[in-house]
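Below: one structure, written as structure tokens.
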Amino acid sequence: MDKIVIEGGNVLQGEVRLSGAKNAALPIICACILTGGWNCLYNVPRLKDVQTIREIMSNTGVHFEEGEDGGLRINSDDISHHEAPYDLVRTMRASILLLGPLLARLGRARISLPGGCAIGARPVNFHLRALSAMGVDMQLEHGYINAKARTLKGANVFFDIPTVTGTENIMMAAVTAEGKTVIENAAREPEVQDLARMLRSMGSHIEGEGSDKIIIEGIKTLKPVAHHKIIPDRIEAGTFMIAAAMTGGHVTIQGYRQDHVTAVVEKLQEVGAEINQGKEEVSIKGPKTIHPADIKTMPFPGFPTDLQAQFMALMCIAKGTSIIRETIFENRFIHVGELKRMGADIQIDGNQALVRGREYLLAAPVMATDLRASASLIIAGLAAKGGRTEVNRIYHLDRGYERLEEKFQSLGAKIWREKA
Ligand code: EPU
């Protein structure tokens with residue numbers, strides 16, 4: 001199994017271009033099940049998770065062709081199977097995103113229940129309840145969701161908590177349903193908005209994305225989309241910004257959307273980073289002294305849970321104490337034990353972490369426990385003193401970051417991949 005080795009202490013400098021957003025690409029690829037003909041996507045990141053969803057969809061009869069610049073052509077004319085098997089779903093919870101589109105296209109779906117994962121139990125009860133309201137007959141048998149619907153019917157859906165993939169699943173089920181669907185307390189994330197853009201290009205009648213109320217008027221048939229460019233990855237953007245701040249570097253990030261990262265930019269300014277935002281690029285200069293700042297993870301437009309671990313790494317060397325509250329997932333502090341191995345002073349109390357900044361972190365062998373924890377440990381390693389940090393179990397990283405170590409290398413970091 002590969003590991004990432006980092007010799008810390010180099011100041012990051014230069015320019016880096018963002019990849020397409022994983023969490024936008026996944027639902028949009030699933031949405032291609034909704035129509036016949038070729039859908040053409042661009043800026044699709046080459047990631048393990050994208051590979052996994054392609055594998056599951058290939059099993060159902062969907063065809064894929066790769067092109068230049070993250071181009072991906074998808075054709076669902078021959079789709080005939082309706083199953084997402086356990087072996088693949090267990091490696092990627094986002095496979096649940098196939099439930100809505102398979103029901104819309106084939107009237108049935110058999111999807112392995114995703115189960116828990118490292119960051120929490122992550123149930124899918126909201127997805128299932130909303131689909132039942134749309135007339136889906138649902139049985140949970142042998143670890144699988146068996147879902148059937150002769151016709152999907154529009155419904156009023158209210159989510160107790162805004163759920164990103166839940167909102168996306170219902171949007172995809174609703175676009176060809178009979179009548180109107182209203183999703184209240186919908187997720188407002190940019191990735192949900194990108195899916196709405198794609199569905200609208202397919203001809204859907206959908207409005208309200210980006211607000212907490214999405215209204216969809218079902219229509220009979222959709223058409224394939226000739227060109228859809230996936231939005232840039234805001235979590236990757238935040239990861240580079242935090243790394244630049246942590247190493248006292250000066251980095252320009254290209255292919256950037258200012259409106260997607262407002263909460264993160266504000267926090268980085270609070271810690272003392274200098275940030276200059278252009279329309280599609282941002283430059284960030286790390287502070288001489290990193291000031292502490294408290295964060296609370298929230299649904300968009302709040303501070304994203306997917307950047308909590310990276311921000312915590314930064315706070316480990318702030319001059320003072322900060323409090324980090326995780327409100328989205330119940331077990332998203334698993335990186336803490338690993339950061340402590342590097343000398344961090346962190347105390348956990350429930351969903352709250354008290355981080356007392358130290359002058360520096362020390363290089364150490366550590367273990368990646370989930371995707372964003374991997375990024376946190378790499379950033380910590382980039383700033384650490386005293387030799388080599390080895391980040392093991394790096395397959396998590398490949399699920400969600402495209403060529404991360406190459407991109408850090410281009411910014412002057414000493415980082416490489418080795419066979420463990
Ligand atoms: N929830 C329920 N029941 C449900 C659905 C959600 O209780 O049926 C709860 C969750 O347990 C959680 C909260 O609602 O406490 C919000 O979870 P959400 O459903 O929004 O998460 P998700 O859709 O499973 C997506 C991203 C995650 C990201 C979260 C939060 C994708 C493919 N995944 O997950 O991304 O952390 O939204 O923003 O879009 C990552 O990329 O590393 C990642 C984990």
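Counting starts at 1 for both ligands and their atoms, following the listed order. Reckoned from all heavy atoms, side chains included, excluding hydrogens, waters and symmetry mates.
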Checklist entry - Nearest protein heavy-atom contact for atom 42 (O) of ligand 1: which residue, which atom, what distance? => result Arg372 NE, 2.9 Å

Checklist entry - Who's the nearest protein heavy-atom neighbour of atom 24 (O) of ligand 1, and how far? => result Arg122 NH2, 3.0 Å

Checklist entry - With a cut-off of 4.0 Å, which atoms of ligand 1 are near a heavy atom of Leu371? => result 42 (O)

Next on the checklist: Does ligand 1 come near enough to Thr305 that some N or O of the ligand is less than 3.5 Å from an N or O of the residue?
Outcome noted: no

Next on the checklist: With nothing but distance in play, are any N or O atoms of Arg93 less than 3.5 Å from an N or O of ligand 1?
Outcome noted: no

Checklist entry - Any side-chain heavy-atom pair from Tyr401 and His396 closer than 4.5 angstrom? => result no

Checklist entry - How far is atom 2 (C) of ligand 1 from its nearest protein heavy atom, and which residue and atom name does that atom have? => result Phe126 CE1, 3.4 Å

Next on the checklist: Taking the basic N atoms (NZ, or NE/NH1/NH2) and the acidic carboxylate oxygens, is any pair closer than 4.0 Å for Glu191 and Arg234?
Outcome noted: yes

Next on the checklist: Distance under 4.0 Å to a non-hydrogen atom of Ala94: what atoms of ligand 1 satisfy this?
Outcome noted: 32 (C)

Next on the checklist: Distance alone, cut at 3.5 Å: any donor-acceptor contact between the side chains of Lys407 and Ser19?
Outcome noted: yes

Checklist entry - Does Arg332 approach ligand 1 within less than 4.0 angstrom via side chain, backbone, both or neither, non-hydrogen atoms only? => result side chain

Checklist outcome for this item: Within 4.0 Å of some non-hydrogen atom of Ile328, the atoms of ligand 1 are 12 (C), 15 (O), 16 (C)

Checklist entry - Counting heavy atoms not belonging to Arg393, are there more than 12 under 6.0 Å from its CZ? => result no

Checklist outcome for this item: Within the 4.0 Å heavy-atom cut-off, what Phe329 brings close to ligand 1 is side chain

Item to check | Protein contact to atom 26 (C) of ligand 1 [nearest heavy atom, distance to 0.1 Å] | outcome: Asn23 ND2, 3.6 Å

Checklist entry - When you look for heavy atoms under 4.0 Å from ligand 1, do you find them on the side chain of Val164, its backbone, both, or neither? => result both

Item to check | Winner among Pro162, Pro123, Ala375, Gly166 once heavy atoms are compared against atom 6 (C) of ligand 1 | outcome: Pro123

Next on the checklist: Holding to side chain to side chain contact (heavy atoms under 4.5 Å, CB included), I want the full list of residues that pass it with Arg388, two or more places apart in sequence or in another chain.
Outcome noted: Val5, Glu7, Trp416, Glu418

Item to check | Exam field: side chain Tyr256 to backbone Gly278, donor-acceptor pair closer than 3.5 Å | outcome: no

Next on the checklist: Between ligand 1 and Lys22, is the shortest N or O to N or O distance under 3.5 Å?
Outcome noted: yes

Next on the checklist: Are any of the N/O atoms on Ile161, whether in the backbone or the side chain, positioned under 3.5 angstrom from an N/O atom of ligand 1?
Outcome noted: no

Checklist entry - Is Glu168 in polar range of ligand 1, meaning some N or O pair under 3.5 Å apart? => result no

Next on the checklist: If only side-chain N and O atoms count, and only distance matters, is there a donor-acceptor pair under 3.5 Å linking Asp78 with His63?
Outcome noted: yes

Checklist entry - In terms of ring plane angle, is the pair Phe311 and Phe303 parallel, tilted or perpendicular, where the classes change at 30° and 60°? => result perpendicular

Item to check | Subset of ligand 1 atoms that lie under 4.0 Å from at least one heavy atom of Val124 | outcome: 4 (C), 8 (O)

Checklist outcome for this item: Atoms of ligand 1 under 4.0 Å from any heavy atom of Asn125, numbered from 1 in the order shown, are 2 (C), 3 (N), 4 (C), 7 (O), 8 (O)

Checklist entry - Between Glu15 and Thr252, do the side chains contain an N or O donor and an N or O acceptor separated by less than 3.5 Å? => result no

Checklist entry - When you measure from atom 36 (O) of ligand 1 to every protein heavy atom, which one gives the shortest distance, and what is it? => result Asp306 OD1, 2.6 Å

Next on the checklist: Treating Thr327 as the side-chain partner and Thr297 as the backbone partner, does any N or O pair qualify as donor plus acceptor under 3.5 Å?
Outcome noted: yes

Checklist entry - Cut-off 3.5 Å, side chains only: do His335 and Asp370 have a donor facing an acceptor? => result no

Checklist entry - Is it the side chain, the backbone, both or neither of Thr165 that has a heavy atom closer than 4.0 Å to ligand 1? => result both

Checklist entry - Under a 4.0 Å heavy-atom limit, does Glu330 contact ligand 1 with its side chain, its backbone, both, or neither? => result neither

Item to check | Side-chain ion pair, Asp2 and Arg417, N-O less than 4.0 Å | outcome: yes

Checklist entry - With atoms numbered from 1 as shown, which atoms in ligand 1 lie under 4.0 angstrom from a non-hydrogen atom of His127? => result 8 (O)

Checklist entry - With distance as the sole criterion, is a donor-acceptor pair present between the side chains of Asn146 and Arg110 under 3.5 Å? => result yes

